[in-house]
Amino acid sequence: MTSRQSNEAEEYFRASLLSLGNLLGLVDVSWRGLADQVGVASSTLEGWLRRGWVPDEVDGVKKVAAVLLAAARHSKEPRTADSVARLDHVDWSAAHRAVQAARGEGRSRSARAGRAQRAQGVPVDTPTPDREVHVWTADQLGVHAAVAGERHGGGEKFVLPTYVPRAHDEQVRDWLRKVVGGGGTRLLVLRGGSCTGKTRTAFEAVREVMPDWRLVYPKTAQAVVERLSGMPLAAGAVLWLDDLHRLLAEPAGEQAAGLLRDLLDQPGLVAAVATIWPDNYKALVSTPLEGQADRYGQARSLLARASTVVVPEMFSGEAWEEFVRRSLADASLSAVAASAGEGGGVTQLLAAGPELMEHWQQASQTAQQPPTRRRITSAAKTGPSPKPRHSLSRNTRSRMSRSPTGHSMNFSKSCEYSLARTSKTCAAMDSKSPDSASAASHRLSPV
């Protein structure tokens, strides 16, 4: 079966499902009543009939078709006749087998490609299973852990603080709602510096707007190539492209970008959500000078078709007031609010906090080294602070200067000193991720 035939099988089944959804609006059957008769959840039924999701099993769809066609035949609504004539000829079992065959062929192509790469000694990523959005956790999707703060205790390995929305959050949610409403296959890029909250913004948005969609997370450019070269993404999929600049800088980046462009041209209902750093974005979209090789032509064309939302570095105005209010009940937010102050880089300090804490705890083990230098080694290498920061409150200084080992440490000064360069610390943290490309791939070569 060719790729075109695979797409046709999926689209035929999807179009038939949407026709059932249109018929439901013409007959005297409610969503709740239909869900009860068929024995499926209302959200599942909505996914089939409003979004065209193709289920793994066809029996439920066949029951839906039988109920709606029976109701249509007894309806006095003249518009039902065309729907009945069209849907009466749908062989749901055969159509579903065609979709399953297409998906199986896609998996086989990916498997054959993987075997060929292994035979050539090329590393092959084990794909992360697709799961519904609400099943994924923040740490699985690349959200940075936060500094725990005093009230969290010491047992948690991953701390996710209370989320404080800002103006850009509603932009992201509006974009996702348009896709859910039948906006086709689209690409959203969240652009912002390291540790400004891009991934957390995307995580919170997809969980709110499309919790039952299936999320696909290819972690390398090669994984993108294998996923998009195989079976087509089913309608109702979120394609998670965290740190897109890394993927596009990898050896398979241009091929991945080309396949992503093809995905945007295909019918369906897919939300591709990406994050990217501003400097890398600029490098990718810049047109090369005459005589220079065009290393990122596919990437540039891909990004030209994306919707872009800028994620600011700071909290200010109403967002800052809300941050302060929520910090009263959240230890992570409280631990950085006094350090940063309004306009401060609280997201950067939240994300860099665990690493700074590690330096803090290690300082007592090496008495001959100045504590501050031990606590902020990676940050201090970048030079003196370009801008003074708000001082910590007396209570916060006292609380944060107490070491778990009992040694007195000037942690507050270390936070103030390092706040201006937490983006550097975050970049260093990013380069340590086992799923990322090498640190060199973070910075794209000039185009």
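Along the sequence shown, residues carry numbers from 1.
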Undergrad: Less than 4.5 Å apart, any side-chain heavy atom of W240 and any of V133?
TA: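 No; the side chains remain at least 4.5 Å from each other.
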Undergrad: Measure the CD-CG distance between Q255 and L228 for me, rounded to the nearest 0.5 Å.
TA: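 Result: 10.0 Å between the selected atoms.
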Undergrad: Taking the six-membered ring where the residue is Trp, are the ring centres of F13 and W92 under 6.0 Å apart?
TA: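 For F13 and W92, the ring centres are under 6.0 Å apart.
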Undergrad: Tell me whether Q222 contacts the main-chain N or O of A252 through its side chain, where contact means a donor paired with an acceptor under 3.5 Å.
TA: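 Absent.
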Undergrad: What closest approach, in Å, do V90 and S16 show between heavy atoms, and which atom pair accounts for it?
TA: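 Of all heavy-atom pairs spanning V90 and S16, the closest is CG2-OG, 4.0 Å.
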Undergrad: With sequence neighbours excluded, tell me which residues meet ring-ring contact (aromatic ring centres under 6.0 Å, His included) with W175.
TA: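 Per chain and number, W175 pairs via ring-ring contact (aromatic ring centres under 6.0 Å, His included) with no residue.
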Undergrad: Test side chain to side chain contact (heavy atoms under 4.5 Å, CB included) on R173 and E208; report intermediate values, then the result.
TA: CA-CA 8 Å; R173 284 163 171 74; E208 177 182 314; 2.9 Å; yes
Undergrad: Going by atom types alone, do T137 and Q140 pair a side-chain donor with an acceptor below 3.5 Å?
TA: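 Note: T137 and Q140 side chains meet the donor-acceptor criterion.
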Undergrad: Between D212 and R207, does any NZ, NE, NH1 or NH2 come within less than 4.0 Å of an OD or OE carboxylate oxygen?
TA: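 No, this pair does not count.
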Undergrad: Please report the closest heavy-atom contact between Q298 and G258, naming both atoms and the distance.
TA: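 Nearest heavy atoms, Q298 then G258: OE1-CA, 3.4 Å.
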Undergrad: Heavy atoms, side chains only, cut-off 4.5 Å: are S93 and D91 in contact?
TA: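 Yes, close enough: below the 4.5 Å cut-off.
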Undergrad: Any idea which heavy atoms bring A35 and L45 closest together, and the distance?
TA: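 Heavy atoms only, the tightest pair is N-CD2, 3.8 Å.
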Undergrad: About how many Å separate CD1 of I276 and CG of L247, when rounded to the nearest 0.5 Å?
TA: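 Going from the CG atom of L247 to the CD1 atom of I276 covers 9.5 Å.
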Undergrad: Does D36, at its CG atom, have more than 12 non-hydrogen atoms belonging to other residues, nucleotides or ligands within less than 6.0 Å?
TA: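 Yes, the 6.0 Å shell around CG holds more than 12 heavy atoms from other groups.
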Undergrad: Using modelled atom types only, decide if a donor and an acceptor are shared between the side chain of K198 and the backbone of G193 within a distance under 3.5 Å.
TA: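 Yes, because the side chain of K198 sits within donor-acceptor range (under 3.5 Å) of the backbone of G193.
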Undergrad: Quick check: does any side chain N or O of D169 sit under 3.5 Å from a backbone N or O of R166, one acting as donor and the other as acceptor?
TA: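 Pair found, side chain donor or acceptor close to backbone of R166.
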Undergrad: Any side-chain donor-acceptor pair under 3.5 Å between Y163 and T201?
TA: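 Indeed, the side chains of Y163 and T201 share at least one donor-acceptor pair under 3.5 Å.
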Undergrad: Do any N or O atoms from the side chain of S307 and from the backbone of L188 form a donor-acceptor pair under 3.5 angstrom?
TA: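 It does not hold such a pair.
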Undergrad: Which label fits H245 and W277: parallel for a plane angle under 30°, tilted from 30 to 60°, or perpendicular past 60°?
TA: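 H245 and W277: tilted rings.
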Undergrad: For a quick test of reading the model, state the closest non-hydrogen atom pair linking A237 to L233 and the distance between them.
TA: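 Closest heavy-atom pair between A237 and L233: CB-CB, 4.5 Å.
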Undergrad: Report yes or no: does S19 contribute a side-chain atom to a donor-acceptor pair with the main-chain N or O of A15 at less than 3.5 Å?
TA: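 Yes, because the side chain of S19 sits within donor-acceptor range (under 3.5 Å) of the backbone of A15.
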Undergrad: Nearest heavy-atom pair of V29 and L24: which atoms, and what distance?
TA: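 Smallest interatomic distance, heavy atoms only, reads O-CD1, 3.3 Å.
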Undergrad: Between K62 and E57 (salt bridge meaning N to carboxylate O under 4.0 Å), is one present in this structure?
TA: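 Looking at K62 and E57, the cut-off is not met.
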Undergrad: Using 0.5 Å steps for rounding, measure from the CG atom of D279 to the OG atom of S194.
TA: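 The CG atom of D279 sits 11.5 Å away from the OG atom of S194.
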Undergrad: For the pair D174 and R177, evaluate salt bridge (Lys or Arg N to Asp or Glu O under 4.0 Å) and give the outcome as yes or no after the intermediate values.
TA: CA-CA 5 Å; D174 282 345; R177 292 185 191 108; 2.7 Å; yes
Undergrad: Please walk me through it: do L239 and L263 pass side chain to side chain contact (heavy atoms under 4.5 Å, CB included)?
TA: CA-CA 11 Å; L239 181 59; L263 176 67; 3.9 Å; yes
Undergrad: Report yes if some heavy atom in the side chain of V225 is under 4.5 Å from a heavy atom in the side chain of P218; otherwise report no.
TA: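 The answer is no; the side chains never approach within 4.5 Å.
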Undergrad: With rounding to the nearest 0.5 Å, note down the distance linking CG in L190 to OG1 in T308.
TA: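 The OG1 atom of T308 is 9.0 Å from CG of L190, to the nearest 0.5 Å.
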Undergrad: Between G60 and V38, which heavy-atom pair has the shortest distance, and what is it?
TA: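 Smallest interatomic distance, heavy atoms only, reads O-CG1, 3.6 Å.
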Undergrad: For residues V238 and V270, determine if any side-chain heavy atom of one lies less than 4.5 Å from a side-chain heavy atom of the other.
TA: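 When only atoms from C-beta onward are counted, V270 and V238 do not touch, as no gap falls below 4.5 Å.
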Undergrad: With side chain to side chain contact (heavy atoms under 4.5 Å, CB included) as the test, would you mind laying out the steps for R227 and V216 before giving the verdict?
TA: CA-CA 9 Å; R227 188 64 180 83; V216 182; 3.6 Å; yes
Undergrad: Please evaluate residues K178 and R186 with respect to the criterion side chain to side chain contact (heavy atoms under 4.5 Å, CB included), reporting the C-alpha separation (whole Å), side-chain torsions for both, the decisive distance (0.1 Å), and the verdict.
TA: CA-CA 10 Å; K178 290 177 182 177; R186 301 174 64 187; 3.7 Å; yes
Undergrad: Can you tell me if T80 uses its side chain to pair, donor with acceptor, with the backbone of E77 under 3.5 Å?
TA: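 It does hold such a pair.
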Undergrad: Is it the case that atom CZ in R73 sees more than 12 heavy atoms from other parts of the structure closer than 6.0 Å?
TA: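 More than 12 within 6.0 Å, yes.
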Undergrad: Going by heavy atoms in the side chains, are D242 and Y217 under 4.5 Å from each other?
TA: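 The answer is yes, as the side chains (C-beta and beyond) meet within the 4.5 Å cut-off.
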Undergrad: I'd like to check L244 versus Y281 (side-chain heavy atoms, cut-off strictly below 4.5 Å). Are they in contact?
TA: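 Heavy-atom side-chain distance check fails, nothing below 4.5 Å.
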Undergrad: Say you draw a straight line from CG of L87 to CG of L20; how long is it, rounded to the nearest 0.5 Å?
TA: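 The CG atom of L20 is 5.0 Å from CG of L87, to the nearest 0.5 Å.
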Undergrad: How long is the straight-line distance from CZ of R295 back to CG of L248, given to the nearest 0.5 Å?
TA: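 Between atom CG of L248 and atom CZ of R295 there are 12.5 Å.
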Undergrad: Quick check against the 3.5 Å criterion: does H96 have a side-chain atom that pairs as donor or acceptor with the backbone of P55?
TA: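 Confirmed, H96 side chain pairs with P55 backbone.
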Undergrad: For R246 and E250, run salt bridge (Lys or Arg N to Asp or Glu O under 4.0 Å): C-alpha distance rounded to whole Å, both residues' side-chain angles, the deciding distance at 0.1 Å, then the answer.
TA: CA-CA 6 Å; R246 292 184 187 175; E250 292 175 8; over 6 Å; no
Undergrad: Go through the steps for R261 and D265 under the test salt bridge (Lys or Arg N to Asp or Glu O under 4.0 Å), then give the verdict.
TA: CA-CA 7 Å; R261 291 180 62 197; D265 290 330; over 6 Å; no
Undergrad: Report yes if some heavy atom in the side chain of L176 is under 4.5 Å from a heavy atom in the side chain of V273; otherwise report no.
TA: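 Answer yes - side chains close enough.
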Undergrad: Please check if the side chain of R214 supplies one atom and the backbone of D130 the other of a donor-acceptor pair under 3.5 Å.
TA: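 Flag set: sc R214 to bb D130 pair under 3.5 Å.
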Undergrad: Which residue is it: L264, L260, L259? I am looking for the one with a side chain to side chain contact (heavy atoms under 4.5 Å, CB included) to D262.
TA: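 Exactly one option meets the side chain to side chain contact (heavy atoms under 4.5 Å, CB included) with D262, and it is L259.
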Undergrad: Does the side chain of W213 come within less than 4.5 Å of V180's, by heavy atoms?
TA: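 Yes - at least one pair of side-chain heavy atoms lies under 4.5 Å apart.
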